[in-house]
Asker: 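Provided herewith is a single structure, encoded as structure tokens, for subsequent inquiry.
Read the numbers this way: they start at 1 and go in the same order the structure lists the ligands and their atoms.
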Amino acid sequence: MLDFLKELPKVELHAHLNGSLSISTLRDLGEKVYGENTEEFLELCARFIKFDRNSKLEECFEKFAFVHELTSTEKGLRYATEFAIRDFAQDNVQYVELRTTPKANSHYTRREYLHYVVESIRSAQTKYPKIMVKLLASINRAEPVAVAEETVSLALEFAKTDGDIVVGIDLSGNPARGKFSDFIPALRSAREQGLKLAIHCAEIENPSEIKEMLAFGMSRCGHGTYLSKDDLTHMKRHNIPVECCLTSNVKSGTVSSYEEHHLKQLMEAEAPKVLCTDDSGVFDTTLSMEFHLATQTFGLNRSQCIELTKEAVHHSFASSEEKQKMLIKLEEFLKRNP
Ligand code: IMP
Ligand code: ZN
């Protein structure tokens, strides 16, 4: 089964750029950024050892700070983007929607951040032609609303010149921080001007926020862990898929075990869903492994895995022609693996 899943031309819809760098990729990145055998590089390797692969949600956010150090320069960011795409391509992911929070520091502005990521996506597409890549600009809910407004206006600006890559907005960040309603005007403006919205929703228990988010609407829902039965009916009625990230949810502690993962309720309710990695690097997984976990835990068979991939094609933010191309690749795979 794992071989079949590794070969399957998969579709990844929920992948944070800085969370998608595995330990070995971070090592590659460290080598590029600091140079081999430099003091900085050796210090970095020593810090890897302290990485706890089963840390809880709050600790995961500390891990991101660590990765962000490595991507805090133009060079680091460009290589990180290329390596993340390389790793997804190696797992036979045929389409990935990366999402990332544009950042500003002494090395780059938010506009430059997006520019470097978009350029690296373009060059990675030449190097790894089998994978198609899109980008969502993430709003970090722990940051001020003014930053969210800037992120939306930059995403709109890039969508005009690089609309084949920049397709939407993601709302993410520590779910215990920030107030959703504060971000509504920025999100609404993005949607009205043609950007798609993927929103981290119901990642933790917060019924009033979940209600607000569902009333506002979204194209896709990140995690959806605490959606009620009625909410699932809503998702089904409005054809909003839940982006299920099994390893991320269990390792970060928002779901207590794989068996209790809400993928089961989503399948029973026949509600829309897709399987994703979230942060394949931080949580030490791949999309093939996520599918494998779903087959092991919930007994999904090969044709259900194909159906889930088709669902992901359908809910992707790709154009109709691009979706058609993905389906053709799937058909070709099925001919080789009847
Ligand atoms: P980046 O936006 O490329 O820097 O990716 C890492 C960032 O994505 C983190 O700092 C968080 O803001 C966000 N993120 C990653 N995983 C999660 C999650 O599970 N919930 C909420 N936000 C997340
Ligand atoms: Zn996420």
Side-chain angles (χ1 to χ4, degrees), residues 12-22 25-26 29 55-72 76-85 87-88 96-105 108 110 113-114 116-118 120-121 133 135-144 147-148 151 154-155 168-178 180 183 197-204 206 209 213 218 220-226 241-255 274-285 287 290:
E12 168 68 80
L13 301 184
H14 186 145
H16 298 269
L17 175 56
N18 280 279
S20 299
L21 306 166
S22 66
T25 297
L26 285 174
L29 188 59
S55 43
K56 298 285 172 234
L57 192 60
E58 286 293 332
E59 294 162 42
C60 293
F61 284 96
E62 285 167 27
K63 277 189 196 172
F64 289 121
F66 172 82
V67 181
H68 287 148
E69 277 177 43
L70 272 175
T71 57
S72 65
L77 182 59
R78 283 184 186 268
Y79 272 117
T81 309
E82 182 194 323
F83 288 164
I85 294 168
D87 292 354
F88 281 113
V96 58
E97 274 175 29
L98 289 174
R99 48 183 85 188
T100 194
T101 320
K103 298 165 190 72
N105 62 25
Y108 44 61
R110 290 193 179 84
Y113 182 101
L114 271 182
Y116 300 148
V117 172
V118 169
S120 309
I121 290 177
V133 187
L135 184 69
L136 311 184
S138 299
I139 291 174
N140 182 348
R141 54 182 294 161
E143 288 185 323
V147 175
T151 299
L154 286 173
I169 293 285
D170 156 56
L171 178 75
S172 54
N174 191 335
R177 298 179 62 185
F180 172 69
F183 297 100
L197 299 183
I199 294 186
H200 281 64
C201 163
E203 189 174 359
I204 55 173
N206 185 346
E209 182 180 274
M213 285 182 166
M218 62 195 81
R220 296 198 309 256
C221 163
H223 300 304
T225 312
Y226 289 90
V242 173
E243 300 161 346
C244 293
C245 312
L246 276 78
T247 302
S248 160
N249 294 160
V250 172
K251 286 195 176 174
S252 66
T254 54
V255 170
V274 289
L275 285 191
C276 313
T277 55
D278 201 15
D279 298 290
S280 54
V282 169
F283 298 116
D284 193 24
T285 188
L287 191 52
E290 293 303 298

Asker: Under 4.0 Å from a heavy atom of Leu17: give me the atoms of ligand 1 that qualify, with their elements.
Answerer: 3 (O)
Asker: Are His200 and Pro175 packed together at the side-chain level, in the sense that at least one heavy-atom pair is separated by less than 4.5 angstrom?
Answerer: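 Not touching, per the 4.5 Å side-chain cut-off.
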Asker: Please examine the side chains of Leu26 and Val67, heavy atoms only from C-beta on, and report whether any two atoms are closer than 4.5 Å.
Answerer: yes
Asker: Of all the N, O or S atoms in Asp278, which one sits nearest to the Zn ion (ligand 2)?
Answerer: OD1
Asker: Hey, are Tyr113 and Thr100 close enough side-chain-wise for a donor-acceptor pair under 3.5 Å?
Answerer: yes
Asker: Among Val117, Ile85, Leu136, Asp279, whose side-chain contact (heavy atoms from CB on, under 4.5 Å) with Leu17 holds?
Answerer: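 Answer after filtering Val117, Ile85, Leu136, Asp279: Val117.
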Asker: Could an N or O of ligand 1 be found under 3.5 Å from any N or O of Asp279, whether backbone or side chain?
Answerer: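 Yes.
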Asker: Do you know which N/O/S atom name in His200 is closest to the Zn ion (ligand 2)?
Answerer: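 This residue's closest N, O or S atom turns out to be NE2.
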Asker: Checking only N/O/S atoms, does His223 have one that is under 2.8 Å from the Zn ion (ligand 2)?
Answerer: no
Asker: Tell me whether Tyr113 has any N or O atom under 3.5 angstrom from an N or O of ligand 1.
Answerer: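 Among all N and O atoms of Tyr113, none is under 3.5 Å from an N or O of ligand 1.
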Asker: May I ask you to decide whether Arg220 forms a salt bridge with Glu97, counting only side-chain N to carboxylate O separations under 4.0 Å?
Answerer: yes
Asker: Give the atoms of ligand 1, by number and element, whose distance to some non-hydrogen atom of Glu203 is under 4.0 Å.
Answerer: 18 (C), 19 (O), 20 (N), 21 (C)
Asker: Between Arg141 and Glu209, does at least one N-O distance fall below 4.0 Å, as a salt bridge requires?
Answerer: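 Looking at Arg141 and Glu209, the cut-off is met.
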Asker: Given 3.5 Å as the limit, does a donor-acceptor pair link the side chain of Glu290 with the main chain of Leu246, or not?
Answerer: yes
Asker: Tell me whether Ser172 has any N or O atom under 3.5 angstrom from an N or O of ligand 1.
Answerer: no
Asker: Does any N, O or S atom in Asp170 come within less than 2.8 Å of the Zn ion (ligand 2)?
Answerer: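 Given the 2.8 Å cut-off, Asp170 does not count as a ligand of the Zn ion (ligand 2).
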Asker: Which atoms of ligand 1 are found less than 4.0 Å from any heavy atom of Thr101?
Answerer: 1 (P), 2 (O)
Asker: Can a salt bridge be assigned to the pair Arg99 and Glu12 using a cut-off of 4.0 Å between side-chain N and carboxylate O?
Answerer: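 Looking at Arg99 and Glu12, the cut-off is not met.
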Asker: I'd like to check whether Ser138 has a polar contact with ligand 1, where a contact means an N/O of the residue lying under 3.5 Å from an N/O of the ligand.
Answerer: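 No - when backbone and side-chain N and O of Ser138 are compared with those of ligand 1, no distance drops under 3.5 Å.
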Asker: Quick check against the 3.5 Å criterion: does Asn249 have a side-chain atom that pairs as donor or acceptor with the backbone of Ser252?
Answerer: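 Here the side-chain-to-backbone pair does not exist.
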Asker: Checking the N or O distance criterion of under 3.5 Å, is ligand 1 in contact with Phe64?
Answerer: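 No, since none of the N or O atoms of Phe64 sits under 3.5 Å from an N or O of ligand 1.
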Asker: To 10°, measure the NE2(His16)-the Zn ion (ligand 2)-NE2(His14) angle for me.
Answerer: 100°
Asker: Please state which option from Asn249, Asn18, Asp278 has its nearest heavy atom closest to atom 1 (P) of ligand 1.
Answerer: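 Checking each option, the heavy atom nearest atom 1 (P) of ligand 1 is found in Asn18.
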Asker: Count the heavy atoms of every other residue, nucleotide or ligand shown that sit under 6.0 Å from OH of Tyr79, and state whether that count exceeds 12.
Answerer: no
Asker: If you count the atoms of ligand 1 from 1 in the order shown, which ones are under 4.0 Å from a heavy atom of Thr100?
Answerer: 1 (P), 2 (O), 3 (O)
Asker: Any idea which atoms of ligand 1 are less than 4.0 Å away from a heavy-atom of Lys103?
Answerer: 1 (P), 2 (O), 4 (O)
